[in-house]
Amino acid sequence: MNKRNVITAACALAALLGAGRIFLFLRGAGTVYTMGIFPMALLFGLYCLWKKALFYEKVFFSVPARILLAAGFAALQILGLCWSHQEGVLFPEAALWVLCLTPLCYAGANMAFTWAARAARTDMLTEEQERPEGSFLGAFAVIFLGFCIPFATYYPAIMAYDVIPQLDQIRSSGLTTHHPLIHTLWLAACLKAGEMLPFANADRAGLAIYSLMQMAVMAGCFAFVYTFLRRRRVNRWLCYFFVLCAAFFPTHGMLAVSITKDTVYAALVMVFTAFVYELAVRETSPERGWIVCYVLVSVLLLLFRNNSIYAWILYGIAAFFFTRRKKLLFRQICVCHGAILLLYLALNGGMIYAAAATNDTYAREMLSVPAQQIARVVQYHEEELTEKDMEALTAVWQEELPEYVAVIADRSKRDITNEKEKLRILAREWVSLGIRYPGEYLKAFMLKNKGIWDLTDMSYLNDVYSYAKGYLQITYPSDQQAYMETLAPGYERHQKLQLLQALYRYFAAGDELWRYCPPMALVMQPAFYCFLLLFYCLCCIGLKKAALLLPAVYLLALLGTLLLGPCVLTRYLYPLMLSVPVLVGLMFCRRYT
């Protein structure tokens with residue numbers, strides 16, 4: 001046997017031994033089913049070892065850089081496993097697992113980068129080449145009809161827990177800007193339209209109108225992206241598969257009929273990503289119609305998510321630097337972005353004024369990370385805190401100390417007010433405790449965002465809220481049923497299609513069937529799309545196509561806002577779950593035939 005075969009066999013044996021020990025540990029903990037992704041990853045890594053991918057040399061980056069990436073990925077996954085099972089895993093054994101699995105990750109990364117390099121060779125098209133057109137109306141019809149299945153199942157709509165405060169604003173307390181005002185006004189208009197129609201139950205009619213309108217918006221966005229992919233010569237069979245997934249994949253259908261602001265925002269992000277990609281590869285000045293559509297999509301993007309302005313500003317700065325060498329394009333983009341900002345401010349301010357809405361933005365909404373870090377220190381080191389620490393904590397949190405729940409910051413920050421003096425006290429205490437407990441601060445941050453970096457994380461499915469369990473958190477508290485009936489007297493949970501509801505529950509409730517199917521578990525996991533976005537960016541760098549990083553800037557900035565947010569939920573990461581596969585398809589799946 002030659003040297004390479006010996007090294008390959010040793011790495012495969014080490015990986016199998018490490019994986020075997022992990023499976024035994026998980027079996028003892030009674031959580032093997034949560035590792036559905038792990039066997040598939042193990043088989044892929046072993047296949048890469050068999051193909052001698054361990055010895056690939058010219059694969060985008062230097063060997064040390066690729067080893068660092070592989071070791072980092074393996075360490076994150078083992079860290080997530082250890083933190084999910086606080087008892088029974090010692091640091092030396094965890095470090096040994098990382099050592100055993102790093103060669104497997106290294107070979108897998110080499111193979112993935114090699115495939116990406118081969119696939120990207122045919123992605124450059126000239127403007128003169130004929131480009132096939134996809135049927136927008138055909139795609140729209142298929143997707144809309146697919147959405148009709150969950151619509152019939154959950155008629156008139158899925159009432160997620162976020163709809164309760166919005167209905168409260170509409171029916172009793174008055175409008176605020178806590179949720180995007182445009183979405184609350186849209187819901188109010190639909191309920192008003194339901195009262196004008198000749199139906200016995202006005203609430204059900206109004207909610208059905210909202211569902212149908214949201215289904216049409218979602219289907220239109222998916223159909224637009226389908227035609228865009230066809231114009232950019234993405235493999236037509238993948239385009240057809242994209243339409244079928246949009247129409248019949250349960251996540252898309254259930255969110256299409258769920259009353260939540262995140263659904264439309266995610267679809268707008270997907271469309272915006274397509275526009276930015278076209279801007280990145282464009283050499284000539286855009287047409288007037290393209291500019292108008294780009295401005296409108298961007299303004300709606302900002303209106304449907306309160307904090308999206310921060311991600312958009314970072315994208316605008318990147319677009320400024322990207323287009324500065326293309327003089328005519330640079331001028332047009334600067335004018336476009338100026339118009340977008342002015343339109344957003346004017347429309348948002350106009351809606352607030354016309355609706356007499358109050359500003360319901362609290363400082364605590366931006367303090368998720370500090371509140372969570374302080375709460376963790378209090379939870380595990382309360383006896384070590386000084387009298388000065390306790391005085392500061394009492395000044396901010398009143399009589400009770402902050403409550404710590406690892407995966408959500410809502411409970412730790414709920415008593416923080418906007419009083420400037422209390423915010424100054426909190427800032428000083430945060431710095432003081434951070435100097436003394438940096439490890440706890442890092443762990444609090446990592447655990448809050450575990451769903452972003454741990455491919456096997458399940459904490460966000462069950463532990464975020466006691467009343468909203470499952471993949472989509474589409475339920476609301478049972479103790480608020482009476483209040484819900486007061487806000488929308490005509491709404492009743494639809495119970496006629498029990499078989500379909502049972503099927504959908506496997507995708508959205510706490511007993512998800514997809515966890516038992518490794519490929520399904522992977523594509524349902526939000527962290528997968530975060531790593532896929534990282535892979536896309538690394539490929540752009542490796543292929544020396546810096547321009548293609550532009551459409552990833554907004555997505556990365558959006559991911560940054562989520563890292564600083566209160567928790568990780570599927571619907572928060574839904575924009576990435578829609579947009580990142582589009583970018584990957586545009587880079588690697590284009591063909592001349």
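Below, all heavy atoms of this structure are taken into account, side chains as well, without hydrogens, waters or symmetry copies.
Using a 4.5 Å heavy-atom threshold, the side chains of M40 and F44 count as separate. Side chains of F228 and L586 form a contact here, defined as non-hydrogen atoms less than 4.5 Å apart. Under the 4.5 Å side-chain criterion, counting only non-hydrogen atoms from C-beta, T177 is not in contact with T358. Side-chain contact between L576 and P526 is absent, with no heavy atoms from C-beta onward closer than 4.5 Å. Between M351 and L303, the closest side-chain pair of non-hydrogen atoms falls below 4.5 Å. In this structure, Y265 and P180 have side chains that are not in contact, with every pair of non-hydrogen atoms separated by 4.5 Å or more. At least one side-chain heavy atom of V243 sits under 4.5 Å from a side-chain heavy atom of I143. Looking only at side-chain heavy atoms (C-beta outward), K450 and V568 stay at 4.5 Å or farther from each other.
Although no hydrogens or angles enter the test, the distance criterion places a donor-acceptor pair under 3.5 Å between the side chain of R66 and the main chain of F61. Judged by distance alone, the side chain of Q214 and the main-chain N or O of S258 form a donor-acceptor pair under 3.5 Å. When atom types are taken as modelled, the side chain of Q372 and the backbone of I408 share a donor-acceptor pair closer than 3.5 angstrom. Under a 3.5 Å cut-off, the side chain of S579 and the backbone N or O of T273 do not form any donor-acceptor pair. In this structure, E278 contributes its side chain and R232 its backbone to no donor-acceptor pair below 3.5 Å. Judged by distance alone, the side chain of D410 and the main-chain N or O of P566 form no donor-acceptor pair under 3.5 Å. Between the side chain of T263 and the backbone N or O of L255 there is at least one donor-acceptor pair closer than 3.5 Å. The closest donor-acceptor contact from the side chain of Y536 to the backbone of L548 lies under 3.5 Å.
Remark: L543 CG to M587 CE distance equals 6.0 Å, nearest 0.5 Å. The CG atom of N235 lies 9.5 Å from the OH atom of Y240; values are rounded to the nearest 0.5 Å. Summarising the geometry, atom CG belonging to L573 is positioned 13.5 Å from atom CZ belonging to F528; distances are rounded to the nearest 0.5 Å. One distance of note links CZ of F241 with CH2 of W237; it measures 13.5 Å at 0.5 Å rounding. Of the inter-residue distances, the one linking D454 atom CG with N449 atom CG reads 12.0 Å to the nearest 0.5 angstrom. The OG atom of S308 sits 6.5 Å away from the OH atom of Y344 when rounded to the nearest 0.5 Å.
F320 and H337 have their aromatic ring centers separated by at least 6.0 angstrom. Ring centers of F113 and F535: under 6.0 Å apart, within the cut-off. The aromatic ring centroids of F272 and Y554 lie less than 6.0 Å from each other. The six-membered or imidazole ring of F73 lies near that of F531, with a centre-to-centre distance under 6.0 Å.
Environment of CZ in F249: crowded, with over 12 heavy atoms of neighbouring residues, nucleotides or ligands closer than 6.0 Å. When the shell of 6.0 Å around CZ of F330 is examined, it contains more than 12 heavy atoms from other residues, nucleotides or ligands.
A donor-acceptor pair shorter than 3.5 Å can be found between the side chains of H183 and Q166. Between the side chains of K448 and S368, no donor-acceptor pair is found at a separation under 3.5 Å. No side-chain donor from either of Q77 and W453 sits under 3.5 Å from a side-chain acceptor of the other.
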- From CA spacing to verdict: side chain to side chain contact (heavy atoms under 4.5 Å, CB included), L447, V407: CA-CA 6 Å; L447 283 173; V407 295; 5.9 Å; no
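A cation-pi geometry, defined here as NZ or CZ lying under 6.0 Å from the six-membered ring centre and within 45° of its normal, does not hold between R305 and W312.
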